[in-house]
Amino acid sequence: MKFFADTADTADIAELAATGLLDGVTTNPSLIAKSGRDFMEVTKEICGLVSGPVSAEVVALDHAGMMREADILRKIADNVCIKVPMTIDGLKTCKALTSDGTMVNVTLCFSANQALLAAKAGATFVSPFVGRHDDNGFDGMALIADIRLIYDNYAYPTEILVASVRHGIHVLEAAKIGADVMTAPPAVIRGLVKHVLTDKGIEGFLADWAKTGQKI
Ligand code: G3P
């Protein structure tokens with residue numbers, strides 16, 4: 001499963017990229033606002049930090065406006081992936097852009113039928129928001145399982161990008177279901193390495209090593 005960082009914080013992205021575990025980045029207008037930086041400038045910087053896809057979201061709601069914005073965004077770098085909302089205009093834009101060889105991420109997906117539409121529109125990625133789904137009393141991971149089943153039924157190449165990931169259980173369940181990608185805040189990705197028994201084990205080994213008086 002590919003790991004994307006869901007952030008526009010370039011320091012966090014650089015640190016995660018240095019581990020070799022980062023396959024891409026997703027941003028959205030809220031994350032750009034949180035960074036306090038210029039959209040074009042920060043997106044360009046992120047595209048230079050990772051070689052994988054970097055999702056940059058359009059804000060227009062009509063097809064012509066989305067195409068105009070996408071045309072500006074896709075010139076930033078070759079690894080820009082245009083993020084469009086799950087609307088008729090978003091799907092129309094997705095079809096036009098992917099037919100032209102541009103990567104597209106259809107975002108704000110909350111049902112398996114919406115994911116089916118994204119696949120039919122040729123989306124590179126579909127982003128079901130599992131955390132927000134859970135927050136509203138639905139089962140986010142059941143949605144991922146349904147989408148996996150449907151995409152496998154028809155061999156759709158659209159990648160399932162599990163978004164709105166809040167904790168390690170989301171990551172674990174996404175991997176068990178066979179999602180293609182998960183995007184999570186850097187703190188969630190860093191948290192995956194932590195285990196109390198790992199820390200305790202290191203502490204014990206180092207204490208015993210000190211007793212030997214040896215050096216490597
Ligand atoms: O980038 C889209 C998605 O991951 C947002 O997550 O935590 O705002 O629901 P969240």
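Numbering of ligands and ligand atoms starts at 1, following listing order. Starting from 1, each residue takes its place in the sequence as its number.
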Presence of salt bridge, Lys34 and Asp9, under 4.0 angstrom
no
Could you tell me how the ring of His133 sits relative to the ring of Phe110: parallel (under 30°), tilted (30 to 60°) or perpendicular (over 60°)?
parallel
Partner set under side chain to side chain donor-acceptor pair (under 3.5 Å) for Asp23, not counting sequence neighbours
none
Check whether any side-chain heavy atom of Thr27 sits under 4.5 Å from a side-chain heavy atom of Ile46, and report yes or no.
yes
Shared ILVMFWY cluster between Val171 and Leu16, side chains joined below 4.5 angstrom?
yes
For ligand 1, the residues whose heavy atoms come within less than 4.0 Å (ordered by chain, then number):
Asp6, Asn28, Lys83, Phe129, Arg132, Ala163, Ser164, Arg166
Has Asn79 got a side-chain atom pairing as donor or acceptor with Cys47's backbone, closer than 3.5 angstrom?
yes
